[in-house]
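Here is the structure we will look at.
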Amino acid sequence: MATHDPLEGLNPPQREVVLHEGSPLLVLAGAGSGKTRALTHRIAHLVGARGVAPGSILAVTFTNKAAGEIRERLRGLLGESGRGIRAGTFHSICVRLLRAYGDRIGLTREFTIYDEADRSQVLKALVREANLGDDTFHPNRLVHAMGVLKSRGIDPRDSDAEVPGTAGERKLELLREYQERLTQAGALDFDDLLLVTVRMLRQNEALTDYLRTGPFHHLLIDEFQDTNSVQHQFVRLVAGGGDRLMAVGDEDQSIYGWRGADVSHILRFERDFPRTRVIKLEQNYRSTGNILKAAHSIIAADKTRRDKTLWTDGSQGEPVLLRATPTDLDEARFVVSEILRLARVENRRPRDFAIFYRTNAQSRAIEDELRRWNLPYIIVGGTRFYDRAEIKDALCYLRAALSPGEPVALRRILNRPARGIGATTLERVDAIAREHRVSWPEALGIATQRPEITPSSRKSLDKFLVWLREVQATAGDVHPVALLERLLGESGYLAALEKDDDPEAQGRRENLDELIRVAGEFETREPEGTARQFLDEVSLVADSDDVDEQRDRVNMMTLHTAKGLEFPVVFLVGLEEQLLPHVRSMNLPLALAEERRLLYVGMTRARERLAISYADARVLHGERRPSVPSRFLADLDRECAKFVGVTSLGSGQYHRPAAPAAPSIQRSAFVPPASKGPSQERAIDRETSQEAVRKLLPTDEMKPGMVVFHPTFGRGTIRGSSDYGESKKVLVQFSTVGLKKLLVKQANLGVFAD
DNA sequence: TGACCTTCCATTTTT
DNA sequence: TGGAAGGTCA
């Protein structure tokens, strides 16, 4: 029984979404129109009122975060009676299918998942071996070509596979070799997960029928505008006629065309699934009237789109601010002074603010300015936890333990920690593999018997392999925490880290502890879960650096990362030709339209206040050049906006508006939380801190625990130091940017006078 | 093996 | 301009 009436508090179209049955359903849901609400309430209604078995419902999303949110809301709506409802990403669902049924198409149960870095690694090796140093065969191009092919559901070995452009034939050959290597290694890359699943379903009608009538009977697909061709094929296979299919999407928010997402899937839904019922959700619950109006004026200028107008019965709110500044530095000053002003006048916290930009490189100028004012910030989607070297090492240990035939992980861990197995040995193993036509892991075994490998390397290689085989023998039955601890302990990895006096080693240990903690959480959640399942799960996680509402920090991210999020105050910077629209998209009509949608997505993230800005000159690749306001700004409805410093929109003329005034308050509103000691309790802004810093700290006086000041990073505490002769380093915990390793001779730290 | 130097690259990146 | 990655040297 439902613990909550799923129809309560819904508007009429949302109710329709919940109640509709008997034919395919397409929900066109505008930004902030409560689509997740409609989707989860529909599921609650299926289970509670229509008696549908939870085990026959599948909700598919693009991110783990979205899937988690759906599960979370269902728990609230259904409680225990919702157990068994599946919600996951395309990729995670496919992994589960392949682990369960992959043997039907000859796939090993121990297959390993290669991420983008692994793909790039393998392709790089191929290019190197083939001696194709040419730019035409730049690994990035091959990585891209591979993505294009596979997102359409084409294996490079298929007879109809083609790579366009120069040397397409040769490139295709390389991609085929890549695919061969993966097959040999028992590995699938991200795109393969989808592609291979679709092929498996095509070849196994009985299995597809079972899924269609059983666990995937009721199918709900989120963000349908972002599906690529293989994903679309998957949906069509599993949905059958689509009578129990619901797709939710918004063509205006399609921003992943460059990754193979195809808006036409949503546009031709009614043709693919006849008798489709279309419901539009147009009431917005997020933004003020002015923000909606401004966003609409931008998106409506795309004449090729089907019109849809969001409305709100909330207030008009403040006008959207359009601010022009002379340079990118002034733009950063404008953003930060506005943050400080709103913090003071409207009592807002750092976490209320978000700054969006088109390219990552744009963050730097703003970061510098935020630090100068001691404003804590986080770059969302920046360095990812699972991309860190020590985490990858740990995961490669897991991979090597669980997939004995797989070379990439094995190669990575072989000499980490250092075991005296260097590049020369690796090359010789490569040679052995070629000579004997055996896989790389097999060649390693042979190498322990071969004279060309130095005796010491042979010995340590042998020792390592004996140990690894021992772990492999039982790895399948061990829980993740135990296996991780065993691998990192017995391999000497942790011991080496303990001994390492590099100040960063401490951070690495903490990261590994965090990974073990994550594994522990997994065990609590899935008491029966194996290490293999844990590895699958973390292999498919993109960012652990999610928007973290607990920590009170200003949020910075690219426009792409902003999708799906919302913030009370949003700054959208760099509204300039060549940036937004980006140079690489300016001459392609489809890509240009996507840039416009990107701007629209960014604007509709704002709840209460939205400020858009551009600079008339910007430093790019170390060169200062004039810039022209974005063409999109010409479409901005002036009725809902306030222009400051803007003199010539759309004319393309260079002009020079006034620089913004310096921030009007002298003291940062935010006290860094980590401060200790009575005299350091107060906030420090640039002026006072410079005054407070009495002298530069001499090298020999740098001691852990000292509170210091750095001209760029602000206040911090020394956490450790190391001595490498000339290059002595200190590790400092800053309140703005976290841990930083600084070379002592450049550290430039000051001490406070109290 | 690691420190240091050189060279290359610079759009976005749900998994 | 700055960072990452690869190469070189001790």
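All chains are named by letter (A, B, ...) in the order of the sequence lines, taking the proteins before the strands, and each is independently numbered beginning at 1. Because the structure is predicted, anything quoted here is derived from the model rather than measured.
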Original post:
What is the distance from CZ of A:Arg584 to P of B:dT12, rounded to the nearest Å?
Top reply: 10 Å
Original post:
With a 4.0 Å cut-off, would you call A:Asp191 and A:Arg152 a salt bridge?
Top reply: no
Original post:
Of all of residues 249-259 of chain A, which get a heavy atom below 4.0 angstrom from DNA chain B, listed by number?
Top reply: A:Tyr256, A:Trp258, A:Arg259
Original post:
Can you tell me how far P of B:dT13 sits from NZ of A:Lys65, to the nearest Å?
Top reply: 15 Å
Original post:
What does nucleotides 2-10 of chain C look like as a protein-contact string, B for base, S for sugar-phosphate only, - for none, at under 4.0 angstrom between heavy atoms?
Top reply: S---S----
Subject >> A:Lys65/A:Glu69 ion pair, N-O < 4.0 Å >> reply: no
**OP:** Taking only Lys NZ, Arg NE, NH1 and NH2, and the carboxylate oxygens of Asp or Glu, determine whether A:Asp393 and A:Arg416 approach each other closer than 4.0 Å.
**Re:** yes
**OP:** Identify, between A:Ser539 and A:His621, the residue whose nearest nucleotide on DNA chain B lies closer to the 5' end.
**Re:** A:His621
Original post:
Would you call A:Glu223-A:Lys35 a salt bridge at under 4.0 Å N-O?
Top reply: yes
**OP:** Find the distance A:Gln578:CD to B:dA10:C1' and express it as a whole number of Å.
**Re:** 14 Å
Original post:
Is the closest basic N to carboxylate O distance between A:Glu390 and A:Arg509 below 4.0 Å?
Top reply: no
Original post:
What is the distance, rounded to the nearest whole Å, between atom CD of A:Glu116 and atom C1' of B:dT12?
Top reply: 13 Å
Original post:
If you check every side-chain atom of A:Ala418, which of B:dA10, B:dT11, B:dT1 has the closest atom?
Top reply: B:dT1
**OP:** Rounded off to whole Å, could you give me the CG-to-C1' distance for the A:Leu426 and B:dT1 pair?
**Re:** 14 Å
Original post:
Would you call A:Arg532-A:Glu537 a salt bridge at under 4.0 Å N-O?
Top reply: no
**OP:** Among A:Ile255, A:Ile299, A:Asp250, A:Leu559, find the one that has a side chain to side chain contact (heavy atoms under 4.5 Å, CB included) with A:Val601.
**Re:** A:Ile255
Original post:
Under 5.5 Å between ring centres and under 30° between planes: does that hold for A:His560 against the base of B:dT12?
Top reply: no
Original post:
In terms of side-chain geometry, is the basic nitrogen of A:Arg597 or A:Asp252 positioned less than 4.0 Å from the acidic oxygen of its partner?
Top reply: no
Original post:
According to a strict under-4.0 Å criterion, is A:Asn360 in side-chain N/O contact with OP1 or OP2 of B:dT12?
Top reply: yes
Original post:
Looking at A:Thr561, does any N or O in its side chain come under 4.0 Å of the phosphate oxygens OP1/OP2 on B:dT13?
Top reply: yes
**OP:** Flag the pair A:Lys150 and A:Asp155 as a salt bridge only when some basic side-chain nitrogen lies within less than 4.0 angstrom of an acidic carboxylate oxygen.
**Re:** no
Original post:
More 5' along DNA chain B: A:Ile421 or A:Ser92, using each one's nearest nucleotide?
Top reply: A:Ile421
Original post:
Counting side-chain heavy atoms from C-beta on, which of B:dT14, B:dT11, B:dA10 comes nearest to A:Asn140?
Top reply: B:dA10
**OP:** Kindly point out which of B:dT11, B:dT13, B:dT14 is positioned nearest to the side chain of A:Thr558?
**Re:** B:dT13
Subject >> Length of the line joining A:His144:NE2 and B:dT11:P, which is rounded to integer Å >> reply: 13 Å
Original post:
Just how far, in rounded Å, is P of B:dT11 from CD of A:Glu577?
Top reply: 17 Å
Original post:
For A:Gly564, which contact category applies under a 4.0 Å heavy-atom criterion: base, sugar-phosphate, or nothing?
Top reply: nothing
**OP:** Scan A:Asp189 against the nucleic acid and name what it touches under 4.0 Å (heavy atoms): base, sugar-phosphate only, or nothing.
**Re:** nothing
**OP:** Using the P atom on both, measure C:dA5 against B:dT12 and round to a whole Å.
**Re:** 15 Å
Original post:
Looking at the rings of A:Phe571 and A:Phe356, which for Trp means the six-membered one, are their centres under 6.0 Å apart?
Top reply: no
Subject >> Spacing between A:Glu576 atom CD and B:dT11 atom C1', to the nearest angstrom >> reply: 15 Å
